[in-house]
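Quick notes on the structure that follows.
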Amino acid sequence: KLCYIFPKRLSINVFVTDGALLICYRGSRVGGRIRPCSAPPRFARPCVLDDGLVPAIARPWILTANPRRPLTRSRQGQRRPPSAFPVVDGALQPAHLHVYQANLHNSGVCQQRYLKYQEQAMMGGGENATTRHTQRNKKLLVRDRLRMLLDDEDYLELSPFAGLDLDYGSIPSAGCLTGIGKINGLWCVFIANNATVKGGTAYPITVKKQLRAQDVAMQNRLPCVYLVDSGGAFLPLQSEIFPDKNHGGRTFYNEAIMSAMKIPQVAVVCGSCTAGGAYVPTMAEEAVIVHKIGTIFLGGPPLVKAATGEEVSPEDLGGARVHAEVSGCVDHFAPLERDAYEHARNIISTLNFELPADENEAVEEPLHSVEDLKGLAPRSYNHSLDVRMIVSRLTDGSRFQEFKARYGTTLVTGFGKIEGHLVGIVASNGELTYEASLKGSHFVQLCDQRDVPIIFLQNTAPKPAMTPSQHKAEAHSNRLKAQSSMMAAVACASTPRITVVIGGCHGADSYAMCGRSFDPNFLFLWPNARVSLVAPGCSDALVEEEHDVTHLKKKLEEESSAFFSSARLWDDGVILPQDTRKVLNKCLKIIKQQEYQLSKERLRAPLLRM
Ligand code: COA
């Protein structure tokens, strides 16, 4: 039998000349399609098979006859059997319908709010500021810059709603875009000022967002690119930006620590870098500056005039020529903005990573539509359906190898695959009882032992468990102990953890379910999520005056919304339920990249600019 094997980069993999052409599209679920043919297509590499044996590379594709059981391939190109995990029952029953409909309606309302915030974030500093930025200052808008820097627009933006409706005003996207995108195939964190928002000045929320992006780079060992265009600190709020540990200075501290950890950093000066902002490119390992657009100085021309009376242009004081030819503060001179992003892309190509060939493995889609998740996203704790229905819409083939299914049933634990990535899933299915917490600790340690990333699907109870009588006190103490153990297991797990708040994020149970303070690699909220110590209406017993009860309820109502949380950067963003599988797949790929960095031994010292 004569077989033709196609180079891996083509989408077609195998061609068999037995009078028929077997085309296997990489990534397709069913192994292939048969078409009559007379000659091999171009690029096919012939290969003779002995005794009907099929070469290893072709085997999975030729053998994928059963569409329900596609064979997948591992990174090394070896045959990997499909997951044999059982299919979890996720079908909607008639009895669920009224809850499903109520959730669906609520999800519609939440999605409208999501779209409104998205529009607000996209507007940046508004029309006038945009015109000033592009027409007068002749600069590119931040999203156009990212288009030039990144391979494609398929990036993971972090906390796009940060900064909206804060006490000191609405700061669209906190004045800077952060996220993770690919540069020449390598996932990199980007931190890009949006100078249409008050000249790109740093508000307290901007600083918090930049520090979170650096955290993401450190935790996941991702190279980091800064696009700097900023007027420095927003002076009226200087006391909330300058002095404390996690204020402005921390950005520069992190730059040194990241460099010492061998996390590469590149800066592109595509605007003003004034005062504190001047240290961002100067501390980066390599920096690029754009002619006539980029400037770096500690004090700008107005300050020079005030101090010495001398009049000097920004270009002469700290322009591209000065820094590329005289001071050495930058390493690359770009005549135009687009050249600067090309420089940055080339610098990223010099990093010592060996990425695997893009295999596009065949994966099974969930058996149920991800759109159903809108009806499963609980509008309140009482509207929570069995969380296995959510799991069945996230995992490949709706398969789930459940662990301890009959014990501690208010927590569902088990293994599944998301777009081919093996993960442990820990999902709230009621209160975190004594038994559920013991099971949670056991399962988290199991995943840690096997280096399997954990996905927490968090929906915790809206009020703390009360101790109604003395004889129940012992049971409650036991629960307290078991929850503490689970917290310890989660805190010390060294495997990556991703949390998605699918409903409630309340009280101490949320810590055990890997809340923000337990340092998950990523934490996202569904728009229906509620984040507060106790849910609105669950604290009445703690307040005496009726007017205080109403006031507290109203306050909790307002402050517990997912958008309130995201505006304050208590999470990495609000994601729509139907996008969850896609987002998780991206995060898992991003987390995995560190395996391909060839040199990552910790250094003692950062790279110093000489
Ligand atoms: N603090 C507070 N507001 C600031 C600011 C700062 N550091 N820098 C700029 N702004 C405000 C301006 O007042 C203006 O506000 P408005 O839109 O309400 O009028 C807005 O940001 C845009 O500034 P503008 O100067 O009109 O835009 P530009 O594109 O011509 O210049 C800068 C932008 C950043 C180059 C210029 O504003 C500048 O040099 N700012 C001062 C930088 C500085 O000295 N920082 C030291 C901080 S420690």
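Counting convention: from 1, in listed order, for ligands and their atoms alike.
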- Message: Need the ligand 1 atom indices (1-based, order shown) with element for anything under 4.0 Å from a heavy-atom of G199.
- Response: 21 (O), 22 (C), 34 (C)

- Message: Keeping R345 on the side-chain end and L149 on the backbone end, is there a donor-acceptor pair under 3.5 Å?
- Response: yes

- Message: Side chain or backbone, does G231 bring an N or O within less than 3.5 Å of an N or O on ligand 1?
- Response: yes

- Note on the structure: salt bridge (charged side-chain N to carboxylate O under 4.0 Å, His left out) filter on K589, not counting sequence neighbours, yields none

- Task: Return a yes/no value: protein heavy atom under 4.0 Å from atom 23 (O) of ligand 1?
- Result: no

- Going by the angle between their ring planes, with limits at 30° and 60°, are F333 and H291 parallel, tilted or perpendicular? tilted

- Task: Please report which non-hydrogen protein atom sits nearest to atom 39 (O) of ligand 1, along with the residue it belongs to and the distance in Å to one decimal place.
- Result: T274 OG1, 4.8 Å

- Note the single closest protein heavy atom to atom 12 (C) of ligand 1, along with its residue, its atom name and the distance in Å. K198 CD, 4.9 Å

- Message: Is it the case that ligand 1 has an N or O less than 3.5 angstrom from some N or O of S230?
- Response: no

- Item | Under-4.0 Å heavy-atom contact with ligand 1, by part of Q238 that carries it | neither

- Can any side-chain N or O of S561 pair as donor or acceptor with the backbone N or O of F563 at less than 3.5 Å? yes

- Parallel, tilted or perpendicular: which fits the ring planes of F190 and Y155, with parallel below 30° and perpendicular above 60°? perpendicular

- Query: Going by distance only, is there an N or O of S272 that falls short of 3.5 Å from an N or O of ligand 1?
  - Reply: no

- Hey, is L303 touching ligand 1 through its side chain, its backbone, both or neither, going by heavy atoms under 4.0 Å? neither

- Query: Who's closest to atom 48 (S) of ligand 1 heavy-atom-wise, of A275, G276, A129, A202?
  - Reply: A275

- Message: Parallel, tilted or perpendicular: which one describes the rings of F161 and Y114, with boundaries at 30° and 60°?
- Response: perpendicular

- Message: Within the structure provided, determine whether I498 and P453 are in side-chain contact (heavy-atom separation under 4.5 Å).
- Response: no

- From atom 29 (O) of ligand 1, is the closest protein heavy-atom distance below 4.0 Å? yes

- Message: Set out, in order, the CA-CA distance, both residues' side-chain angles and the distance that settles salt bridge (charged side-chain N to carboxylate O under 4.0 Å, His left out) for D152 and K182, then state yes or no.
- Response: CA-CA 7 Å; D152 50 44; K182 275 190 179 176; over 6 Å; no

- Considering distance alone, does some N or O of T201 sit under 3.5 Å from an N or O of ligand 1? no

- Message: If we only consider heavy atoms of G300, is any one of them less than 4.0 Å away from an atom in ligand 1?
- Response: no

- Message: Here's one to test your reading of the geometry: is the NZ or CZ of R568 within 45 degrees of the ring axis of F564 and under 6.0 Å from its centre?
- Response: yes

- N or O contact, A233 vs ligand 1, cut-off under 3.5 Å: yes

- Please state whether R136 comes within less than 4.0 angstrom of ligand 1, counting heavy atoms only. yes

- Task: Please check if a non-hydrogen protein atom sits closer than 4.0 Å to atom 7 (N) of ligand 1.
- Result: yes

- For atom 26 (O) of ligand 1, state whether the nearest protein heavy atom is under 4.0 Å away. yes

- atom 2 (C) of ligand 1 protein-contacted (non-hydrogen atom, under 4.0 angstrom): yes

- Task: For the residue pair I171 and V197, establish whether any side-chain heavy-atom pair is separated by less than 4.5 Å.
- Result: yes

- So, does R497 use its side chain to make a donor-acceptor pair with the main chain of D519 at under 3.5 Å? yes

- Nearest-neighbour protein heavy atom for atom 17 (O) of ligand 1, which is reported as residue plus atom name and distance: R132 NH1, 3.8 Å

- Kindly confirm or rule out an N or O of F234 lying under 3.5 angstrom from an N or O of ligand 1. no

- Task: On the 0 to 90° scale, with breaks at 30° and 60°, tag the F518-Y511 ring pair as parallel, tilted or perpendicular.
- Result: parallel

- Is_contact(atom 32 (C) of ligand 1), protein non-hydrogen, under 4.0 Å: no

- Message: My question is simple, although I want it checked carefully: is atom 44 (O) of ligand 1 less than 4.0 angstrom from any protein heavy atom?
- Response: yes

- Would you call T134 and K139 a side-chain contact if the rule is heavy atoms closer than 4.5 Å? no

- Output yes when a protein non-hydrogen atom is found under 4.0 Å of atom 37 (O) of ligand 1, and no otherwise. no

- Can you sort out the partners of M148 under side-chain contact (heavy atoms from CB on, under 4.5 Å), two or more places apart, ordered by chain and number? L140, R338, Y341

